[in-house]
Amino acid sequence: MACVLSLHVGAQDRGTASPAVADPALEARVMAIGAELRCLVCQNETVAASHAELAVDLRGQIREQLRAGRDEAEILAFMSQRYGDFVLYRPPLKTSTVLLWLGPFALLLLGGAVLVRHLRRRAAGAFDPGERNDSPAGVATAPAGGAYTARQLTVGALLLSVPALGLYSVLGQPASLLQPANAAPTMADVDGLVRQMEQALRARPAGNAADAPAWDMLARAQASLQRYAQAAESYARAIELDPNDAQRLADRADLLRLINGPGGMQEAERLVQRALKIDPRHPKALALAAAQAPAAASSAGISGRVEMAPELRARLQPGDTLYITARTLQGPRLPLAVLRLSASAEPVPFSLNDDQAMAPDHRISDHAQVVVEARISRSGDAMPQAGDLVGRTGAIANTQQGLRVLVAGVVP
């Protein structure tokens, strides 16, 4: 036993995944429970030994439940309830597995009974090993009432092998005999397992907060299969059950940015802000926020049209100049953007963005709210002069589209 234990310890050193945290006692319990669970991707490895991403997630779930005070039996029951008995390396004894557990013992008893019967007949003299033909040809013969005939031996072998093969065909995996011992599962196998996991979760009653980690793991598996839309939906289910996980919020935001569907970027930005409120130093949320900043800057811009009030149209002269500017609500009078066009009595379309900035550090994208002003100058001077016609808006967003600026005033 000492030799076996020493070999077992050495095998653990070589065959288990490295601990993820620095608590040796906790990690020992995680690995011990992981050794009782099957990796859903590798299938021929335990969760403790596998380095697959799903196995890492399962070890994380085990770690969280141990910290929550659950024992080994509760954790194994939790895993079996969500992923089926397939996840257990040692399936429980119940109606569907009774043949798997008791079949080998039944066959052993049958073989023992045959052996005992044979030995008893031999002890009673029914079989005399000295009775044989010592002829030069060396061919052994059996008396009429002695040893078993070839037919009896064949029937006995069939009685043992046929039930064993039948049990294996029902409870075992005959297809694995056609594969190499360490053959990796195909993508179809992995996809099938992920779909089974999804069906099991959808069949469970809604609103159970304990299911959040399972939905989270499902989302990771779907993302690894490049099923991004389904992964985003699974993350949404997990967030609905547990809305205070910064990692989960950041992961869904990352997927929404990748999908880039209608409204996805705005939802991703909201998720990142929620994650940073929960954990202001969360690495992924900070990285996504930094990546969103240039996108927000590039999307900043205002468009619309300038119209003249009917009572001022008679004052418009050929050659008049139209200045359209965007300014800060408070602060320097230096415009954030300037556009110079020919004035017209008809509506004049315009677009203001960072390309019209007068200073690289003073742009529309640097201010969430701005004011837009339209001024018609007869002299063409960039500075306002008495008699210029003017109109301005109130505070608007720096992404305002379809803006209407009405020129209805006169500079005194």
Side-chain angles (χ1 to χ4, degrees), residues 256-257 260-270 272-273 288-412:
L256 291 176
R257 284 171 51 83
N260 196 21
M265 298 299 289
Q266 292 81 358
E267 176 64 16
E269 187 173 354
R270 287 192 290 269
V272 169
Q273 295 305 317
L288 289 173
Q292 287 171 350
S298 62
S299 64
I302 303 166
S303 66
R305 66 183 187 275
V306 175
E307 299 179 2
M308 286 192 67
E311 62 271 18
L312 294 181
R313 291 177 183 174
R315 302 182 62 170
L316 187 65
Q317 298 294 324
D320 286 355
T321 302
L322 172 62
Y323 287 96
I324 306 173
T325 58
R327 302 179 186 276
T328 59
L329 301 181
Q330 295 178 347
R333 289 288 298 169
L334 179 67
L336 299 170
V338 179
L339 197 59
R340 187 176 187 271
L341 302 170
S342 297
S344 171
E346 300 298 324
V348 178
F350 72 91
S351 178
L352 293 173
N353 52 52
D354 289 347
D355 293 339
Q356 291 97 25
M358 300 184 67
D361 58 347
H362 193 63
R363 306 172 301 172
I364 290 179
S365 60
D366 297 329
H367 301 270
Q369 291 189 317
V370 299
V371 173
V372 174
E373 179 183 277
R375 181 174 60 85
I376 297 176
S377 170
R378 180 156 299 172
S379 65
D381 199 324
M383 298 300 294
Q385 303 293 325
D388 287 353
L389 308 179
V390 67
R392 63 175 57 88
T393 68
I396 62 170
N398 66 358
T399 57
Q400 182 72 44
Q401 305 295 311
L403 182 66
R404 178 175 179 262
V405 184
L406 180 63
V407 177
V410 180
V411 177

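- In plain terms, the two heavy atoms of Leu316 and Ser344 that are nearest each other are CD2-C, 3.5 Å.
- Of the possible polar contacts, none joining the Asp320 side chain to the Ser342 backbone as a donor-acceptor pair under 3.5 Å is found.
- The heavy-atom pair separating Ile376 from Ala343 by the smallest distance is CG2-CB, 3.9 Å.
- Here Arg315 contributes atom CZ and Arg378 contributes atom CZ; the two are 7.5 Å apart, rounded to the nearest 0.5 Å.
- Side-chain contact between Ile396 and Ile302: present, with at least one pair of heavy atoms (C-beta onward) separated by less than 4.5 Å.
- The side-chain heavy atoms of Val390 and Glu373, taken from C-beta on, include a pair separated by under 4.5 Å.
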inquiry  = Is there a side chain to side chain contact (heavy atoms under 4.5 Å, CB included) between Leu288 and Arg257? Walk through the geometry before answering.
reply    = CA-CA 9 Å; Leu288 289 173; Arg257 284 171 51 83; 3.9 Å; yes
message = side chain to side chain contact (heavy atoms under 4.5 Å, CB included) for Val348 and Leu322? Distances and angles first, verdict last.
response = CA-CA 9 Å; Val348 178; Leu322 172 62; 4.0 Å; yes
request  = Step by step, work out the side chain to side chain contact (heavy atoms under 4.5 Å, CB included) result for His362 and Leu334.
outcome  = CA-CA 8 Å; His362 193 63; Leu334 179 67; 3.9 Å; yes
inquiry  = Working note: Ser303 + Gln401, criterion side-chain hydrogen bond (donor to acceptor under 3.5 Å, both in side chains); need CA distance, chi angles, decisive distance, verdict.
reply    = CA-CA 5 Å; Ser303 66; Gln401 305 295 311; 2.5 Å; yes
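- Under a 4.0 Å N-O distance rule, the pair Glu311/Arg313 does not qualify as a salt bridge.
- Taking the side chain as every heavy atom from C-beta outward, Arg363 and Leu336 never approach each other to under 4.5 Å.
- Scanning both residues, Pro349 and Leu341, for their nearest heavy atoms gives O-CD1, 4.1 Å.
- Note that CE of Met308 is 5.0 Å distant from CG of Leu389, once rounded to the nearest 0.5 Å.
- Taking both residues in full, the closest heavy atoms of Gln356 and Ser351 are given as OE1-O, 3.6 Å, listed atom of the first, atom of the second, then distance.
- Taking 4.5 Å as the limit, every side-chain heavy atom of Val372 sits out of range of all side-chain heavy atoms of Thr325.
- From Asp388, atom CG reaches atom CE of Met383 across 11.0 Å, with rounding to the nearest 0.5 Å.
- Separating the OG1 atom in Thr321 from the CZ atom in Arg375 is a distance of 9.0 Å, to the nearest 0.5 Å.
- To the nearest 0.5 Å, the span separating CG on Leu352 from CD1 on Ile364 amounts to 5.0 Å.
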query = Arg340 and Tyr323: side-chain hydrogen bond (donor to acceptor under 3.5 Å, both in side chains), yes or no, with the steps?
reply = CA-CA 5 Å; Arg340 187 176 187 271; Tyr323 287 96; 3.1 Å; yes
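- No donor-acceptor pair under 3.5 Å is formed between the side chain of His367 and the backbone N or O of Asn398.
- With sequence neighbours left out, Glu267 forms a salt bridge (Lys or Arg N to Asp or Glu O under 4.0 Å) with Arg252, Arg270.
- Here Ile324 contributes atom CD1 and Arg305 contributes atom CZ; the two are 12.5 Å apart, rounded to the nearest 0.5 Å.
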